[in-house]
Amino acid sequence: PSTLSDISLTPFECKMNVNVLNDDFSSDDGVLYNEDKTTLILYPRKVIQKKIEISDSVTRIEAYAFENNEAEEIVIPEDIDELENDIFSGCENLKTLTIKEGYPKLINIKDETFDGFEIEDCVLRVPFDSLSDYMEDERFKDFKYITAIEGSRCLRYDENGTVITG
């Protein structure tokens, strides 16, 4: 309804369709956003895509936004400002996460953002010029492989946390 202003997201797996008169929420292709589509609130499991490219308008992703989603790849836009906890919880098929933001220190990342999925099996793709910044940033230390979006240069860690180039 147009008067809905609060949603408990736990039970929702189906595509979302928000009334255009609603002042608090909006939807696009079954995905739930805040009213101006700057916050991605929920990407339901029933919106099935192997590769999800988040709209450039999104600057914030809510906790559990992709919970149990079956995507294999998720692309986060360049101007992302905030990533909440457990965004990818239960994403068993997630093999590639691309973050287009060139300066990882500009992203407000919660302590548990990457909890709830097999991070060591997921490749993190970032801008080529930012590879070393992402590698040195403690918040990305659990990614075993960090690669450049633009090319084939790959940086990864061994079991001791030492950087191996390839």
Side-chain angles (χ1 to χ4, degrees), residues 9-10 12-13 29-34 37-166:
L9 298 178
T10 308
F12 289 101
E13 290 188 0
D29 291 329
V31 179
L32 182 65
Y33 299 92
N34 67 337
K37 294 188 173 124
T38 57
T39 299
L40 190 152
I41 299 170
L42 179 67
Y43 206 105
R45 283 182 59 189
K46 299 294 183 189
V47 180
I48 300 172
Q49 292 181 308
K50 286 189 180 229
K51 180 178 181 179
I52 295 172
E53 293 201 47
I54 299 169
S55 169
D56 288 339
S57 68
V58 173
T59 59
R60 181 173 190 262
I61 301 175
E62 285 284 346
Y64 300 99
F66 291 97
E67 185 175 26
N68 297 319
N69 195 287
E70 304 205 10
E72 295 175 10
E73 180 176 359
I74 296 176
V75 180
I76 296 175
E78 183 175 354
D79 292 326
I80 197 72
D81 293 330
E82 189 169 356
L83 299 174
E84 290 290 338
N85 289 327
D86 299 292
I87 291 173
F88 310 107
S89 180
C91 291
E92 296 175 2
N93 297 326
L94 186 59
K95 300 297 178 209
T96 305
L97 177 63
T98 301
I99 301 178
K100 293 182 176 180
E101 173 56 60
Y103 302 97
K105 293 190 186 319
L106 295 179
I107 308 171
N108 180 6
I109 298 175
K110 305 298 184 209
D111 290 339
E112 298 173 1
T113 292
F114 300 116
D115 285 2
F117 82 107
E118 302 295 326
I119 193 170
E120 60 276 354
D121 295 334
C122 185
V123 174
L124 176 63
R125 296 177 66 231
V126 299
F128 179 81
D129 293 337
S130 303
L131 275 171
S132 60
D133 292 331
Y134 277 88
M135 277 184 12
E136 294 167 4
D137 193 318
E138 279 292 311
R139 301 169 301 171
F140 301 98
K141 69 178 175 19
D142 292 329
F143 283 95
K144 191 172 182 179
Y145 297 97
I146 301 177
T147 66
I149 295 170
E150 298 89 348
S152 60
R153 183 173 175 203
C154 175
L155 301 171
R156 63 184 172 100
Y157 297 97
D158 66 13
E159 60 279 353
N160 299 316
T162 305
V163 175
I164 302 170
T165 59

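For the pair Phe66 and Ile74, the minimum side-chain heavy-atom distance is below 4.5 Å. Looking at Ile54 and Ile80, their side chains never come closer than 4.5 Å, going by heavy atoms from C-beta outward. Side chains of Glu62 and Leu42 form no contact here, defined as non-hydrogen atoms less than 4.5 Å apart. Counting only heavy atoms from C-beta outward, the side chains of Tyr43 and Ile61 never approach each other to under 4.5 Å.
By the side chain to side chain contact (heavy atoms under 4.5 Å, CB included) test, Asp121 pairs with Lys95, Glu118, sequence neighbours left out. Residues that satisfy the side-chain hydrogen bond (donor to acceptor under 3.5 Å, both in side chains) test with Thr59, not counting sequence neighbours, are absent from this structure. In terms of the side-chain hydrogen bond (donor to acceptor under 3.5 Å, both in side chains) criterion, Thr96 has no residue partners (sequence neighbours excluded). The side-chain hydrogen bond (donor to acceptor under 3.5 Å, both in side chains) test applied to Thr98 returns Arg125, not counting sequence neighbours. Among residues two or more places apart in sequence or in another chain, the side-chain hydrogen bond (donor to acceptor under 3.5 Å, both in side chains) test is passed with Asp133 by none. Residues passing the ring pair (Phe, Tyr, Trp, His ring centres under 6.0 Å) test with Phe117 are Phe88, sequence neighbours excluded. For Glu53, the salt bridge (charged side-chain N to carboxylate O under 4.0 Å, His left out) partners are Lys51, not counting sequence neighbours.
Of all heavy-atom pairs between Ser130 and Tyr103, the closest is OG-N, 4.4 Å. Across all non-hydrogen atoms, the minimal contact from Pro44 to Val31 is CD-CA, 4.2 Å. Considering every non-hydrogen atom in both Pro127 and Gly102, the closest pair reads CG-CA, 3.9 Å. Closest approach of Pro77 and Lys100 over heavy atoms only: C-CB, 3.9 Å. Between Leu83 and Thr113, the closest heavy-atom pair is O-OG1, 3.0 Å.
Within the model, atoms OG1 of Thr39 and OH of Tyr33 stand 11.0 Å from one another, a figure rounded to the nearest 0.5 Å. Of the inter-residue distances, the one linking Leu131 atom CG with Glu136 atom CD reads 11.0 Å to the nearest 0.5 angstrom. Between atom CD1 of residue Ile146 and atom CG of residue Leu97 there is a gap of 11.0 Å, rounded to the nearest 0.5 Å. Note: Arg139 CZ to Ile107 CD1 = 6.5 Å, rounded to the nearest 0.5 Å. To the nearest 0.5 Å, atoms CG (Asp29) and CD (Gln49) are separated by 7.5 Å. The line from OH of Tyr145 to CD of Glu120 is 11.0 Å long, rounded to the nearest 0.5 Å.
The existence of a salt bridge linking Glu72 and Lys50 is confirmed by a sub-4.0 Å separation between a basic side-chain nitrogen and an acidic carboxylate oxygen.
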Kindly indicate, with the supporting measurements, whether the criterion side-chain contact (heavy atoms from CB on, under 4.5 Å) is fulfilled by Tyr134 and Glu101.
CA-CA 10 Å; Tyr134 277 88; Glu101 173 56 60; 4.0 Å; yes
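Note on residues 79-88: pairs passing salt bridge (charged side-chain N to carboxylate O under 4.0 Å, His left out), not counting sequence neighbours, are Arg60-Glu82, Arg60-Glu84, Glu82-Lys110.
Checking each of Ile119, Val126, Ile99 against Phe140 for a side-chain contact (heavy atoms from CB on, under 4.5 Å) leaves exactly one that passes, namely Ile99.
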